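Below is one structure; the comments refer to it alone.
Everything numeric in this text was worked out from a predicted model, so none of it was measured.
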Amino acid sequence: MAIPLSYNLRNLVVRRTTTLMTALGIALTVAVLLAVLALVNGLRVTLATSGDPRHVLVMRKGATSELTSLVTRTQFQDLKFKPGIATGSDGQPLASLELITIISLESEGSGTGDNVTIRGLMPAGIAMRHHVKLIAGRWFRQGVNEAVVGKSLSDQYPAARLGKKLRMGRSDWEIVGVMEAGRGAQESEIWGDVNQVAADWNRNLYMSSALVEATDVSAARALVNSVGDDTRLDLGAELETDYFARQTQSATPIEYTGIFVAIIMAVGSSFAAMNTMYAAVARRAREIGTLRVLGFSKLSILTSFWIESVLLAGLGGAIGCLLVLPLNWATTSVGANFSQLTFGFHVTPGSMLAGIVFAVALGSVGGLFPAAAAAKKEILSALREI
């Protein structure tokens with residue numbers, strides 16, 4: 001005969017102070033784990049939405065990022081007429097020669113400078129980024145020192161807001177627009193005319209990369225192979241989605257560190273749950289004896305106390321999820337390829353479920369030994385205990 005679940009719920013309510021303190025300890029452990037998962041998920045979402053499977057990114061062979069790559073104008077002229085590249089409404093190939101560099105900007109309230117990406121690009125480069133939309137102002141004009149900034153960057157750096165003049169290279173650039181990229185990495189960039197950027201940084205011969213749009217996904221894969229096999233070009237190519245997928249590796253140390261900290265905290269939380277349940281067994285010795293007299297078996301008592309520990313941990317897991325939910329409205333930034341990438345935390349239902357399962361696992365381990373101790377109590381000795 002099983003002990004009713006209402007018995008465990010009543011005990012948790014009656015001893016609400018101890019219940020709440022133990023649940024909060026578990027909740028903090030779960031919150032740490034979920035915060036790390038939200039950070040990593042946010043970075044992955046940002047990078048996953050930044051690429052297009054039809055886009056092929058062309059860089060110097062062996063280059064791991066656009067900042068460390070060199071592509072000449074001559075190479076670009078040969079590249080943009082390769083078979084499989086789509087054409088725009090003007091009949092020209094959808095190909096953009098781009099120059100990437102960085103400047104230092106002071107973030108709001110920090111007093112320190114961060115590296116921010118400057119991207120010089122051609123009109124086709126804007127047209128190809130279908131997920132990038134102008135939300136304020138206008139696009140920059142060709143041949144003029146004008147720039148458009150990403151929304152995340154504009155929110156974080158006062159000097160990069162609409163109407164401001166920003167010192168970049170050897171000139172002052174006017175911020176004429178703000179763009180949104182659906183949480184993509186482009187929201188952390190400043191865009192300008194590639195020729196103006198090249199002139200201000202004295203890089204007229206060597207650009208950083210080229211972005212081309214294929215007619216379809218199959219053509220994009222074929223184009224990657226075609227560029228890589230072309231000894232005349234001597235360039236490397238990869239799908240833009242693959243390039244951004246590689247950038248998520250910067251989050252791996254953060255993820256491992258966070259999980260390690262959560263495991264250390266989990267050990268402490270598990271002992272806290274164990275101590276709470278041992279104390280409950282000691283205080284409820286007469287209850288245990290009475291339950292045995294009423295005919296409940298040792299297995300029923302073990303199961304009942306174990307379930308109570310799991311319920312306690314589940315409560316802690318739920319509180320931990322509530323504690324971390326406000327992170328969905330928070331943003332942060334990490335260094336990626338020598339510059340800052342701004343993104344938002346992303347708490348998913350899957351990560352919250354993982355947090356609750358993690359908490360229940362803690363309760364299962366922490367409650368098993370006290371439950372066994374309760375089940376082992378002999379009837380007469382239990383009834384004698386105060």
Side-chain angles (χ1 to χ4, degrees), residues 1-37 259-325 349-379 381-383 385-386:
M1 182 169 57
I3 298 174
L5 186 62
S6 57
Y7 168 77
N8 304 110
L9 294 174
R10 180 184 63 82
N11 280 307
L12 291 175
V13 172
V14 169
R15 298 169 177 84
R16 51 185 171 273
T17 301
T18 305
T19 297
L20 185 59
M21 294 301 292
T22 306
L24 281 175
I26 295 173
L28 290 175
T29 303
V30 172
V32 168
L33 177 64
L34 291 184
V36 173
L37 294 179
I259 291 174
F260 176 74
V261 171
I263 290 173
I264 297 300
M265 292 182 66
V267 173
S269 297
S270 183
F271 277 111
M274 191 181 297
N275 288 336
T276 299
M277 294 310 298
Y278 269 125
V281 170
R283 287 194 303 267
R284 291 152 59 185
R286 287 188 175 182
E287 287 183 27
I288 295 170
T290 302
L291 289 171
R292 293 297 310 282
V293 169
L294 292 174
F296 291 103
S297 66
K298 290 184 177 182
L299 180 60
S300 295
I301 292 173
L302 184 149
T303 303
S304 178
F305 274 78
W306 180 80
I307 288 175
E308 190 170 317
S309 177
V310 169
L311 290 173
L312 179 61
L315 174 63
I319 294 173
C321 290
L322 293 176
L323 289 176
V324 84
L325 269 180
S351 61
M352 288 194 291
L353 178 61
I356 292 175
V357 170
F358 182 62
V360 169
L362 293 183
S364 299
V365 174
L368 186 60
F369 294 105
K376 289 178 181 177
K377 282 187 175 292
E378 297 298 330
I379 296 175
S381 61
L383 290 173
E385 292 184 27
I386 300 175

Please report the interatomic distance CG(Leu33) to CG(Leu28), rounded to the nearest 0.5 Å. 12.5 Å
First locate atom OG1 of Thr22, then atom CG of Leu362, and finally report the distance between them rounded to the nearest 0.5 Å. 12.5 Å
Roughly how far apart are Ile319 CD1 and Ile356 CD1, rounded to 0.5 Å? 11.0 Å
Nearest heavy-atom contact between Ser351 and Leu37 is CB-CD1, 4.2 Å
Thr303 side chain near Ile307 side chain, heavy-atom distance below 4.5 Å: yes
Here the pair of heavy atoms bringing Gly363 nearest to Ser309 is O-OG, 2.7 Å
Would you name the heavy atoms of Val310 and Ser364 that are closest together and state the gap between them? CG2-OG, 3.7 Å
Set out, in order, the CA-CA distance, both residues' side-chain angles and the distance that settles side-chain contact (heavy atoms from CB on, under 4.5 Å) for Phe358 and Leu34, then state yes or no. CA-CA 10 Å; Phe358 182 62; Leu34 291 184; over 6 Å; no
Please find the pair of heavy atoms, one from Gly355 and one from Val30, that lie closest to each other, and give the distance. O-CG2, 3.7 Å
When rounded to the nearest 0.5 Å, the distance separating CG of Leu20 from CG of Leu12 is 11.5 Å
What heavy-atom pair brings Ile26 and Ala359 nearest, and what distance separates the two atoms? CG2-CB, 3.9 Å
Least distance between heavy atoms, Val324 atom then Ala35 atom: CG2-N, 3.8 Å
